[in-house]
Protein chains: 2
Amino acid sequence: MEPTTTVREQILDHAITLIMLRGYNGFSYRDLSSLVGVKTSSIHYYFPSKDDLVLEAVNEYSKEVLNGLNAIGASLPADAKLSKYAKLFGRTLGDGNQICLCGMLAADIESLPDNIRQAVQAFFKANENWLAKVLAQGAQEHTLAVNGKPENAARALFAAFQGSVLASRLFHTKARLEDVEASVRIAR
Amino acid sequence: MEPTTTVREQILDHAITLIMLRGYNGFSYRDLSSLVGVKTSSIHYYFPSKDDLVLEAVNEYSKEVLNGLNAIGASLPADAKLSKYAKLFGRTLGDGNQICLCGMLAADIESLPDNIRQAVQAFFKANENWLAKVLAQGAQEHTLAVNGKPENAARALFAAFQGSVLASRLFHTKARLEDVEASVRIAR
DNA sequence: GTCTATAAACGGATAGAC
DNA sequence: GTCTATCCGTTTATAGAC
């Protein structure tokens, strides 16, 4: 009883993976065509333009990640929440390297229309707001090191997560993500 | 008495800007052709393949940034060094937004050959090593907040700088870079 | 919905004249 | 060194048959 995945869902799912792997300018309808097994013209049937496809990819990806955030128990201690966040961040690709779709599109942002920019901005803000609350909690519990206002520290921390997944892939190691978590966690 | 810039230098300079703006897959020999005012075949004369061009762009960019690092006085207090670093990091593009060429290529790394990957890795390591020394100094001087070993904190900090220039451009603001500096600076 | 066929522009790259 | 001319594959996208 496998859940039936529609062609549309398959296209979107492969598009998400390809964007995370090679970015907006690094994949084509032809790539998707060979992955899904339909002709490029069929892909245009579901997603008339590449920008339509990418916008839906951002929305789908955002929904998944934000659902993951909501699934992190609100009653947990702050440092435990942060650990779960670090694991959830991005999506593990084939070889174990992680990358965030919205971090990738932030790099490609000068090639993208404004509606996609807004969607990526919304993803950034949602993550930063969530992290700000965790940092505020962690400061109170004396488990996380917060310098300055939680809002500012959260933006810096989110940037560090984004940068660390780039470095993780560049060096073929997951250790970079752990460095970020360790940089705010207070040793006991 | 303007310093004469050769065609080769102009090509390389525009290539650096274009890579920072749109990434490896987001610019073409045609773009360079119209910017420099020579035909694409002339560009191939200087840089036989696109990968040759990008490798030289990385080397030139690295040289400039590393020269900038060396120009930061060794006798300065750590927090002053960090301020200078934040200003030097990346390169200011047309509208005031900053971006780092090697951060951009780290995003595109899956489209690039191994010799370019190694050059980008070298840039990351050089920056991380420099930051590790500054953090160690700052910990001693009690001006910078360092959690854990300086080497690990430096990798997290460099990642934060990389992520923050992406966010700065995404949101059209320089404030994100300042958040990173503030996140390690101890208020007095 | 999916296909074939095709358009029209763009991609990196090369040969050879000047 | 720089040009013209050209190769040939790729890219996004559309029209129309089934």
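Chain letters run A, B, ... following the sequence lines, proteins first, then strands; residues in each count from 1.
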Under 3.5 Å donor-acceptor pairs involving side-chain atoms of residues 146-157 of chain A, not counting sequence neighbours:
{"from": "A:N152", "atom 1": "ND2", "to": "B:D179", "atom 2": "OD1", "distance (Å)": "3.0"}
{"from": "A:R155", "atom 1": "NE", "to": "B:D179", "atom 2": "OD2", "distance (Å)": "2.7"}

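- Listed by first and then second residue, the ring pair (Phe, Tyr, Trp, His ring centres under 6.0 Å) pairs that reach into residues 156-176 of chain B are B:Y85-B:F161, B:F89-B:F158, B:F89-B:F161, B:F124-B:F158, sequence neighbours excluded.
- Counting non-hydrogen atoms of neighbouring residues, nucleotides and ligands closer than 6.0 angstrom, the CD atom of B:Q140 reaches no more than 12 such neighbours.
- For residues 159-170 of chain B, there are no side-chain hydrogen bond (donor to acceptor under 3.5 Å, both in side chains) pairs, not counting sequence neighbours.
- Rounded to 10°, the angle separating the first-five-pair axis and the last-five-pair axis of the helix from C:dG1-D:dC18 to C:dC18-D:dG1 equals 0°.
- Note on residues 66-76 of chain B: no pairs pass salt bridge (charged side-chain N to carboxylate O under 4.0 Å, His left out), not counting sequence neighbours.
- Within the structure, every pair that satisfies the ring pair (Phe, Tyr, Trp, His ring centres under 6.0 Å) test and touches residues 51-72 of chain B, not counting sequence neighbours, is listed here: B:Y61-B:F123.
- Partners of A:E56 by side-chain contact (heavy atoms from CB on, under 4.5 Å), not counting sequence neighbours, listed by chain and number: A:R8, A:L12, A:F47.
- At least one side-chain nitrogen or oxygen of B:Y45 sits closer than 4.0 Å to the OP1 or OP2 atom of D:dG1.
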Result block: side-chain N/O donor-acceptor pairs under 3.5 angstrom for residues 64-72 of chain A, not counting sequence neighbours:
{"from": "A:E64", "atom 1": "OE1", "to": "A:R91", "atom 2": "NH2", "distance (Å)": "2.9"}
{"from": "A:N67", "atom 1": "ND2", "to": "A:K63", "atom 2": "O", "distance (Å)": "3.4"}
{"from": "A:N70", "atom 1": "ND2", "to": "A:L66", "atom 2": "O", "distance (Å)": "3.4"}

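- Contacts of residues 7-19 of chain A with DNA chain D (heavy atom under 4.0 Å): none.
- Contacts classified as salt bridge (charged side-chain N to carboxylate O under 4.0 Å, His left out) and involving residues 25-47 of chain A (residues at least two apart or in different chains) are given here: A:R22-A:D31.
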Could you pull out every donor-acceptor pair under 3.5 Å between side chains of residues 107-116 of chain A and any protein atom, sequence neighbours left out?
{"from": "A:D108", "atom 1": "OD2", "to": "A:Y24", "atom 2": "N", "distance (Å)": "2.8"}
{"from": "A:S111", "atom 1": "OG", "to": "A:N25", "atom 2": "ND2", "distance (Å)": "3.3"}
{"from": "A:D114", "atom 1": "OD2", "to": "A:Q118", "atom 2": "NE2", "distance (Å)": "2.6"}

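- In this entry the distance linking NZ of B:K39 with P of D:dT2 reads 13 Å, nearest Å.
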Where protein sits on nucleotides 10-18 of chain C, one letter per nucleotide: B base, S sugar-phosphate only, - none, heavy atoms under 4.0 Å: SSSBBB---

